[in-house]
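What you are looking at is a predicted structure, and each value in this text was computed from that prediction instead of being measured. Both counts, for ligands and for their atoms, begin at 1 and track the order of listing.
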Amino acid sequence: MSFNIAIDGPAGAGKSTIARQLAQRLGFIYVDTGAMYRAMACHLLREKIDPGDREKIEEACRHADITISYENGSQQVLLNGENVTERLREETVGNMASLVSSYPVVREKLTQLQKKLARSADVVMDGRDIGTAVLPHAQVKIYLTASTAVRAGRRYEELKAKGIEKDLKDIEKDIEERDYRDMNREISPLCQAEDAVLLDTSDMDIKTVLESAVRICREKSKAL
Ligand code: DC
């Protein structure tokens with residue numbers, strides 16, 4: 001049986017950084033499920049589909065073949081055979097992903113793919129509903145969070161490093177809106193699973209968070 005580690009939490013909590021490094025440390029595969037929702041968003045943006053148009057989204061979703069491959073250990077997302085990984089981090093793609101992730105048809109399709117990956121390998125999988133809906137029997141569940149101000153500050157620095165100037169207040173507003181949508185949608189909203197360990201990273205650096213995550217995993221399984 002494969003070993004599954006589920007990491008959930010709001011945007012900007014550091015999930016992907018920690019999940020990637022944790023996977024590396026344990027020799028597991030890292031699965032970024034947000035990238036799958038982003039690939040679906042990419043498809044809908046290309047097709048110029050309105051995020052409120054349920055019928056068109058259901059139809060387009062059927063024609064979106066999303067698959068995952070790995071290049072030197074790094075996850076690549078293929079949309080209808082094309083590698084779209086580089087496009088996925090754009091702000092418009094992230095916002096569209098948050099909007100369309102509330103549709104059952106989108107969630108069902110991507111959840112199937114995620115479950116299949118977790119059955120076939122030891123994974124660290126991050127997202128919003130991994131511990132609650134995708135892998136309810138994961139051996140380890142971590143809920144990673146940080147205050148809105150800290151998450152906005154991290155995003156600000158990330159954009160600045162890429163040469164993009166954006167007002168901190170606008171970033172904070174975007175984060176609040178995204179949190180609200182992700183936490184209040186009808187299906188699989190973001191919430192901490194009952195058996196997840198809470199890690200608030202507001203006052204922690206990456207190294208400390210990683211060591212805490214490794215310790216949580218080792219407490220659950222001596223084999224790790
Ligand atoms: O983690 P991220 O920012 O790449 O995710 C983009 C959006 O995708 C997020 O706002 C909500 C959605 N998402 C989801 O609904 N369920 C997941 N397991 C992962 C992401």
Side-chain angles (χ1 to χ4, degrees), residues 4-23 29-45 51 57 61 64 66 68 74-77 79 84-118 123-136 138 141-146 148 150-152 154-156 158-159 162 166 171-193 196 201:
N4 295 164
I5 299 171
I7 300 188
D8 290 301
K15 294 185 302 292
S16 54
T17 307
I18 294 305
R20 184 179 299 109
Q21 294 190 13
L22 183 63
I29 285 173
Y30 166 49
V31 183
D32 171 3
T33 64
M36 299 176 189
Y37 286 91
R38 285 170 183 263
M40 183 61 81
C42 202
H43 177 65
L44 299 171
L45 285 167
I57 286 180
C61 190
I66 294 169
I68 297 298
S74 141
Q75 175 180 293
Q76 307 294 311
V77 185
L79 170 62
V84 290
T85 313
E86 288 301 314
R87 278 213 52 199
L88 301 183
R89 298 314 305 171
E90 288 168 18
E91 211 78 0
T92 45
V93 176
N95 285 330
M96 183 70 160
S98 174
L99 286 168
V100 301
S101 63
S102 62
Y103 288 98
V105 66
V106 173
R107 302 208 71 81
E108 263 159 42
K109 183 164 183 143
L110 300 180
T111 300
Q112 292 305 325
L113 173 60
Q114 292 154 14
K115 286 185 180 203
K116 200 168 146 209
L117 282 165
V123 297
V124 179
M125 186 176 282
D126 79 357
R128 304 291 191 286
D129 60 339
I130 310 306
T132 51
V134 180
L135 306 175
K141 296 182 188 178
I142 296 173
Y143 189 84
L144 210 64
T145 190
T148 313
V150 167
R151 290 186 284 131
R154 287 177 186 162
R155 185 72 189 135
Y156 176 82
E158 210 177 286
L159 290 172
K162 286 185 193 162
K166 199 172 167 187
I171 298 178
E172 207 164 320
K173 192 166 154 277
D174 277 356
I175 285 186
E176 278 166 359
E177 280 173 12
R178 183 109 82 91
D179 284 357
Y180 184 84
R181 270 200 305 269
D182 292 348
M183 290 174 180
N184 290 283
R185 65 171 175 240
E186 228 166 275
I187 314 168
S188 309
L190 166 66
C191 67
Q192 184 181 343
T201 71

Validation row: Ile68, Val77 side chains within 4.5 angstrom (heavy atoms)
yes
Is any side-chain heavy atom of Arg128 closer than 4.5 Å to one of Ser188?
no
Quick check on ligand 1: any N or O pairs to the protein under 3.5 Å? One line per pair.
unit_1, atom_1, unit_2, atom_2, d
ligand 1, 1 (O), Arg128, NH1, 2.8
ligand 1, 1 (O), Arg128, NH2, 3.4
ligand 1, 3 (O), Arg38, NH2, 3.0
ligand 1, 3 (O), Arg128, NH2, 3.4
ligand 1, 3 (O), Arg178, NH1, 3.1
ligand 1, 4 (O), Arg38, NE, 2.6
ligand 1, 4 (O), Arg38, NH2, 3.4
ligand 1, 10 (O), Arg178, NH1, 2.9
ligand 1, 10 (O), Asp182, OD1, 3.4
ligand 1, 10 (O), Asp182, OD2, 3.0
ligand 1, 15 (O), Ser101, OG, 3.4
ligand 1, 15 (O), Arg107, NH1, 2.8
ligand 1, 15 (O), Arg107, NH2, 3.4
ligand 1, 15 (O), Arg185, NH1, 2.9
ligand 1, 15 (O), Arg185, NH2, 3.2
ligand 1, 16 (N), Arg107, NH2, 3.0
ligand 1, 18 (N), Thr33, OG1, 3.0
ligand 1, 18 (N), Arg128, N, 3.1
ligand 1, 18 (N), Asp129, OD1, 2.9

Check residues 86-94 and write down every donor-acceptor pair under 3.5 Å in which the side-chain atom is one partner and the other belongs to a residue at least two apart or another chain.
unit_1, atom_1, unit_2, atom_2, d
Arg87, NH2, Glu90, OE1, 3.4
Glu91, OE1, Arg155, NH2, 2.7

Got a salt bridge between Lys173 and Glu177, using NZ or NE/NH1/NH2 to carboxylate O under 4.0 Å?
yes
Name the atoms and distances for all side-chain donor-acceptor pairs under 3.5 Å in residues 9-20, with sequence neighbours left out.
unit_1, atom_1, unit_2, atom_2, d
Lys15, NZ, Gly9, O, 3.0
Lys15, NZ, Pro10, O, 3.0

Does Gln76 have any side chain to side chain contact (heavy atoms under 4.5 Å, CB included) partners at least two apart in sequence or in another chain, and if so, which?
Ser69, Glu71, Ser74, Asn83, Thr85
